Amino acid sequence: MSNVPVAVVTGSNKGIGFAIVRALCKQFPGDVYLTARDPGRGQKAVAKLQEEGLCVLFHQLDIDDLQSIRALRDFLKEKYGGLNVLVNNAGIAFKVHDTTPFAVQAEVTLKTNFFGTRNVCTELLPLVKPYGKVVNVSSMVSSSALGGCSRELQQKFRSDTITEDELVELMTKFVEDTKKSVHEKEGWPNTAYGVSKIGVTVLSRIQARMLNEKRKGDHILLNACCPGWVRTDMAGPQATKSPDEGAETPVYLALLPSDADGPHGQFLSNKTVRSW
Ligand code: NAP
């Protein structure tokens, strides 16, 4: 088994994830894994970084596929006995003018952004080694979508005692409510992406609390963040930040020094803790 520290970035064949891997290759003292759901796209991305003279490794990972997540888990367990840095970056968004019915957009978006990310956490968090770092890439849109929720939902999402099961129930209810066209009446905002990212931010707050309760001595720091508005296939060419600039906050959180006791359980943008 290798004692080398290891970092894994989900959805990193392009966009912000690719830029996070590039930065980690330059700054993380260990093995860095670029992962992609499509091995062809993943290997192409690896080749690009190798052309830049960087040393990067590849593993397949589709966060929608539990078998794929578990294959990565078993690989990390066997080869490294765990992992040191996990960046949950993989995500999807329908374009604003997409005509796919809202209920379908809700189901598909939540499936990857919330349920897929949660499944990765369920399988990989127990493997994170002491002093490890976990970064969940959310979005400022989670804050604005929270503002668009009913007062009752806002209270639930801001609660310091909400459980992961309760959050899963709420995310499932959103999808069900969109199918019955009652989501607005039920207090939800009209954004599937926004609700999925509320899920990611709240999940991060819950997971950080669980780490405090169950693995207090392990000094693991887990946070959610927004990369900013970044020029990628998701956000388009008008966005203000380059992918490398978008990677800055996630990389800052992934590389917090081992004597740092925070941030933990926070939501950050531009390397600054934001209120939730
Ligand atoms: P992007 O260019 O569309 O890249 C998304 C990445 O996620 C791609 O590598 C994609 O792989 C991967 N992915 C999607 N579904 C996956 C799955 N089921 N399993 C594994 N990988 C999957 O988007 P981006 O702008 O870099 O976004 C990265 C993250 O930042 C997302 O979580 C996004 O919500 C968040 N974010 C972005 C912005 C922005 O302005 N760009 C702002 C706030 C937050 P394929 O190539 O196979 O599709």
Side-chain angles (χ1 to χ4, degrees), residues 8-23 33-46 48-49 56 58-73 86-96 98 105 107-121 123-124 134-145 191-201 203-204 223-251 253-254 267-270 274:
V8 172
V9 184
T10 72
S12 45
N13 54 287
K14 67 178 184 177
I16 299 162
F18 180 76
I20 293 171
V21 168
R22 176 192 275 134
Y33 279 85
L34 184 153
T35 68
R37 54 181 160 183
D38 180 90
R41 287 198 287 275
Q43 293 294 359
K44 258 193 193 159
V46 163
K48 246 196 245 171
L49 291 177
V56 60
F58 176 72
H59 202 284
Q60 194 272 345
L61 176 65
D62 181 344
I63 71 165
D64 289 344
D65 175 359
L66 204 48
Q67 262 188 320
S68 165
I69 299 172
R70 288 183 173 156
L72 175 64
R73 176 200 64 189
L86 171 64
V87 183
N88 281 304
N89 163 81
I92 59 159
F94 283 83
K95 300 286 179 218
V96 179
D98 195 305
Q105 294 200 18
E107 183 153 39
V108 171
T109 307
L110 272 279
K111 182 180 177 195
T112 299
N113 294 4
F114 177 72
F115 292 103
T117 299
R118 174 180 181 248
N119 285 341
V120 173
C121 290
E123 300 299 332
L124 295 192
V134 181
V135 185
N136 294 331
V137 179
S138 184
S139 169
M140 287 304 278
V141 174
S142 68
S143 296
S144 50
T191 158
Y193 180 77
V195 172
S196 77
K197 292 298 190 181
I198 289 178
V200 173
T201 303
L203 182 67
S204 309
N223 292 284
C225 69
C226 177
W229 190 30
V230 185
R231 290 186 293 279
T232 62
D233 288 347
M234 182 182 288
Q238 305 302 326
T240 46
K241 285 187 180 182
S242 68
D244 289 334
E245 288 166 339
E248 280 175 17
T249 296
V251 170
L253 290 170
F267 173 65
L268 293 90
S269 68
N270 284 330
R274 306 292 169 186

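When reading the values below, keep in mind they use all heavy atoms of this one structure, side chains included, and skip hydrogens, waters and symmetry mates. As the structure lists them, so they are numbered: ligands from 1, and atoms in each ligand from 1. These numbers were taken from a predicted model, which means no experiment stands behind them. Sequential numbering from 1 along the given sequence is applied to the chain's residues.
Taking atom 1 (P) of ligand 1 as the reference point, the nearest protein heavy-atom neighbour is K14 CE, 3.9 Å. Scanning the protein for heavy atoms near atom 18 (N) of ligand 1, the closest one is D62 OD1, 3.0 Å. Protein heavy atom nearest atom 5 (C) of ligand 1, with residue, atom name and distance: G91 O, 3.7 Å. In terms of protein heavy-atom proximity, atom 48 (O) of ligand 1 is closest to R37 NH2, 2.8 Å. Closest to atom 46 (O) of ligand 1, if we only count protein heavy atoms, is N13 ND2, 2.8 Å. Ranking protein heavy atoms by distance to atom 30 (O) of ligand 1, first place goes to V137 CG1, 3.4 Å. The protein heavy atom nearest to atom 44 (C) of ligand 1 is S138 O, 3.2 Å. Atom 19 (N) of ligand 1 has I63 N, 3.0 Å as its closest protein atom, hydrogens excluded (heavy atom only).
Taken to the nearest 0.5 Å, the CD1 atom of I92 stands 7.0 Å off from the CG atom of D64.
The closest approach between a heavy atom of I92 and any atom of ligand 1 is below 4.0 Å. Every heavy atom of G116 sits 4.0 Å or more from the atoms of ligand 1.
Residue contact check: S139 has heavy atoms under 4.0 Å from atoms 43 (C), 44 (C) of ligand 1. Shown in contact with W229 at under 4.0 Å from a heavy atom are these atoms of ligand 1, numbered in order with element: 40 (O). Within ligand 1, counting atoms from 1 as listed, the ones closer than 4.0 Å to a heavy atom of G15 are 2 (O), 26 (O). Close approach of ligand 1 to D64 (heavy-atom distance below 4.0 Å) involves ligand atoms 18 (N). If you number the atoms of ligand 1 from 1 as listed, the ones under 4.0 Å from a heavy atom of D233 come out as 2 (O). Using a 4.0 Å cut-off to heavy atoms of A235, the atoms of ligand 1 that qualify are 39 (C), 40 (O), 41 (N). Listed by number with element, the atoms of ligand 1 under 4.0 angstrom from any heavy atom of L61 are 19 (N), 20 (C).
Proximity annotation for atom 37 (C) of ligand 1: of V230, I16, V9, I16 comes nearest, heavy atoms only. The closest non-hydrogen atom to atom 42 (C) of ligand 1, taken over P243, C226, G228, comes from G228. Comparing K111, Q60, K197, M234 against atom 3 (O) of ligand 1, the shortest heavy-atom distance belongs to M234. Nearest to atom 25 (O) of ligand 1 by heavy-atom distance, out of V120, T232, T240, N136, is T232.
Residue contacts with ligand 1, taken as heavy atom pairs separated by less than 4.0 Å, do not involve F18 at all. If you look at R41 next to ligand 1, the close heavy atoms, those under 4.0 Å, all belong to the side chain. Of the heavy atoms in A93, none comes closer than 4.0 Å to ligand 1.
For ligand 1, the polar-atom distance check against N89 finds a nitrogen or oxygen pair separated by under 3.5 Å.
Crowding of E107 atom CD: a count of heavy atoms from other residues, nucleotides or ligands under 6.0 Å not exceeding 12.
For the residue pair S269 and R274, the shortest heavy atom distance occurs at OG-NE, 2.7 Å.
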Q.
Between K14 and T232, does the side-chain contact (heavy atoms from CB on, under 4.5 Å) criterion hold? Intermediate values first, please.
A. CA-CA 8 Å; K14 67 178 184 177; T232 62; over 6 Å; no
